[in-house]
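To start, the structure under review is shown below, and the notes come after it.
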There are 2 protein chains.
Amino acid sequence: MTLTELRYIVAVARERHFGRAAASCFVSQPTLSVAVKKLEDELGVTLFERSAGDVTLTPIGERIVEQSQSVLEEVQVIKQLAEQGKDPLAGPLRLGIIYSISPYLLPHLIPALRERAPQMQVLLEEDYTARLAEMLKQGEIDLAIVAEPFHESGVVTQAIYDEPFVVATPKGHPWEKLDHVNSEQLSEENVLLLSPGNCFRDQVLQMCPDLNRESVPAGSSLQRTLQGSSLTTIRHMVAGGIGVTVLPVTSVSPADDALLAIRPFVEPAPTRRVVLAWRKNFPRGAAVEAVRQAVLGAGLTNITYLPEAHASA
Amino acid sequence: MTLTELRYIVAVARERHFGRAAASCFVSQPTLSVAVKKLEDELGVTLFERSAGDVTLTPIGERIVEQSQSVLEEVQVIKQLAEQGKDPLAGPLRLGIIYSISPYLLPHLIPALRERAPQMQVLLEEDYTARLAEMLKQGEIDLAIVAEPFHESGVVTQAIYDEPFVVATPKGHPWEKLDHVNSEQLSEENVLLLSPGNCFRDQVLQMCPDLNRESVPAGSSLQRTLQGSSLTTIRHMVAGGIGVTVLPVTSVSPADDALLAIRPFVEPAPTRRVVLAWRKNFPRGAAVEAVRQAVLGAGLTNITYLPEAHASA
DNA sequence: CTTGTCTGATTGTTTTTTTCAATCGGCGAT
DNA sequence: ATCGCCGATTGAAAAAAACAATCAGACAAG
């Protein structure tokens with residue numbers, strides 16, 4: 001049984017005439033006759049009574065033609081579904097973002113994305129890099145905005161921008177007078193870090209391994225690094241004079257000026273590379289590109305945008 | 001789009017593995033790969049994400065596979081309908097019978113048919129030959145039991161039996177003493193006939209044209225033939241002494257002995273030929289044959305069964 | 001009765017499609 | 001680096017679909 005055969009018998013039932021039915025199917029009359037006969041043989045029933053000048057349906061033929069119409073309608077639904085799903089920008093895109101980017105990028109990214117792909121819903125997931133990697137591979141999210149290093153099998157990444165780190169101190173802190181802070185100087189201060197699992201914590205530690213080396217056992221009043229649960233919390237702690245911290249520059253807003261002193265590092269300033277990541281076989285490349293463009297158009301300042309070439313497995 | 005392709009994608013979705021899906025469809029893996037790709041191209045959407053060691057459905061693929069399953073289920077319904085309709089003895093058979101056979105044959109025919117084809121419903125239509133012919137050609141009935149002559153284009157007939165006519169007189173009528181009645185003798189009596197339209201009336205008139213020739217205008221007290229609306233009515237009229245009549249032998253029952261005297265005609269006795277008639281292209285030949293066999297097995301007496309060969313267009 | 005016409009069936013061939021065996025190429029794991 | 005798995009690709013063979021031409025039956029008109 002083929003869909004073509006079903007279309008043929010529906011046409012014969014409609015036209016009550018093999019020749020006209022063939023014409024309406026854009027095939028020759030023998031083609032249609034043979035196909036109908038083939039289907040009748042396969043089903044083991046006679047669908048049509050062919051009398052001279054009048055083709056009529058048998059009772060069983062009537063029911064089968066009716067059912068065939070219903071099959072063909074269901075097939076049409078497949079085509080409609082495909083048509084709807086054709087646009088890679090249509091349909092929800094599940095986007096994961098790490099905690100240290102999400103609150104600063106999303107307010108700009110979402111409007112930019114709305115402008116470029118108004119019909120694309122975005123479902124957001126905020127989580128740690130490791131969790132996002134897992135969700136990406138499991139197909140629970142389609143795309144992730146994370147910071148390097150990020151290497152997962154079956155996942156490709158594309159660099160979007162490098163963002164420098166800056167130092168945040170309380171107002172009136174001696175470093176406020178400096179043009180640039182040296183990363184070695186951090187060892188002299190209480191440095192507040194995000195809790196383990198946040199990639200930004202690891203990035204800061206890698207930039208300044210002294211912080212790790214000189215840390216003392218947990219609970220000691222002497223410990224040099226403290227932990228905050230989010231960059232916002234840490235910011236408030238710094239403003240309160242507990243210590244200093246390192247921030248990605250995109251997290252700095254003009255509102256911080258009232259509370260904090262923000263100083264750049266000496267060149268070359270430490271940076272982190274922010275990338276888009278998606279399954280290698282994720283078919284909606286256009287959606288990925290739309291998000292990349294939206295990030296580029298999000299109006300982030302003090303960062304270095306990277307050319308398209310920066311993609312890798 | 002073909003049903004095979006739909007079966008393939010459903011299999012891939014089920015197995016999440018092209019090789020296993022191919023095996024479960026009893027085709028080679030390239031066959032399945034090519035077919036899936038062809039369908040994806042036709043629909044313009046990617047249905048599967050092929051990653052190493054893991055085939056997953058895209059969101060649109062998921063919906064399309066689901067819809068495909070629904071299509072395949074509808075197709076199964078076609079097969080089921082065909083399976084149910086396969087038995088030519090299943091499903092109602094619309095059977096038309098003329099008035100002068102129906103009351104005498106049906107009581108025997110129905111049980112005989114029930115025995116031979118218990119699953120076949122029979123819908124009965126009782127009418128004049130001309131009406132039955134029309135209904136047959138229009139497809140309102142499938143089969144008719146009528147008496148010759150019966151020639152309709154597109155309709156074939158098969159003779160079942162010849163039944164002789166007999167004469168019925170009131171008890172005590174002079175003819176009761178005769179071994180045989182001659183048809184010419186009928187002219188001497190009031191002969192009661194069925195009303196026009198009943199084929200049996202025509203058959204009697206053809207057998208004995210004198211009745212027609214000698215009839216006088218309607219309303220005359222001299223008219224030699226009277227009309228009854230049914231053989232039963234006529235029987236009662238004869239029993240009442242109004243005249244004599246001619247009956248087909250199958251309409252004679254033992255109960256008549258109490259009221260009537262039944263005499264045969266001199267050989268060769270006039271007869272009528274009872275036939276089955278159906279549209280030439282009526283596909284349920286087995287149902288026709290079942291009815292024929294049931295008539296043969298109905299236990300009619302005093303008739304001459306005819307061999308199968310007596311079929312004609 | 002014959003002829004012509006209409007209609008679906010049949011036939012033989014061409015074209016298209018489907019299928020398969022063999023092979024490739026990418027990817028991940030050992 | 002190599003091996004094994006898996007889906008894609010290729011080229012040839014088989015199957016199916018389609019068509020033009022023709023046939024055969026039925027009916028209607030002459």
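Just so you know, these numbers use all the heavy atoms, side chains as well, and skip hydrogens, waters and symmetry mates. As the structure is a prediction and not an experimental result, all values here were calculated from the model. Below, read A as the first sequence line, B as the second, and so on, with proteins coming before strands; counting in each chain starts at 1.
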Residue pair [X] / [Y], side-chain donor-acceptor N/O under 3.5 Å:
X	Y	value
A/Arg272	A/Ser100	yes
A/Gln29	A/Ser33	yes
A/Ser70	B/Glu74	yes
A/Glu126	A/Ser102	yes
B/Thr2	B/Arg7	no
B/Gln84	B/Gln80	no

* To do: Measure across A/Ala159 and A/Arg273 and return the closest heavy-atom pair with its distance rounded to 0.1 Å.
  => CB-CD, 3.6 Å
* B/Ala147 to B/Ile98 - nearest heavy-atom pair and separation -> N-CD1, 3.8 Å
* To do: Quick one: label A/Phe48 by what it contacts on the DNA or RNA (base, sugar-phosphate, nothing), any heavy atom closer than 4.0 Å.
  => nothing
Check the distance between [N]'s [atom2] and [X]'s [atom1] and give it to me in whole angstrom.
X	N	atom1	atom2	result
A/Arg50	D/dC27	CZ	P	16 Å
B/Glu49	D/dA8	CD	P	13 Å
A/Asp54	D/dA28	CG	C1'	16 Å
B/Lys280	D/dA26	NZ	P	3 Å
B/Arg279	D/dA26	CZ	P	15 Å

* Sorted by number, the residues of residues 30-44 of chain B with heavy-atom contact under 4.0 Å to DNA chain C -> B/Pro30, B/Thr31, B/Lys38
* **Positional range of nucleotides in DNA chain C within the contact set of chain A, heavy-atom, under 4.0 Å** => C/dT7 to C/dG28
* Structure fact -> Contacts of B/Arg16 and A/Gln29 projected onto DNA chain D by closest heavy atom; the upstream (5') one is B/Arg16
* To do: Compare side-chain N and O positions of A/Ser28 against OP1 and OP2 of D/dA18 and report whether any pair is under 4.0 Å apart.
  => no
* side-chain hydrogen bond (donor to acceptor under 3.5 Å, both in side chains) partners for A/Thr271, two or more places apart ->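 Not a single residue meets the side-chain hydrogen bond (donor to acceptor under 3.5 Å, both in side chains) criterion with A/Thr271.
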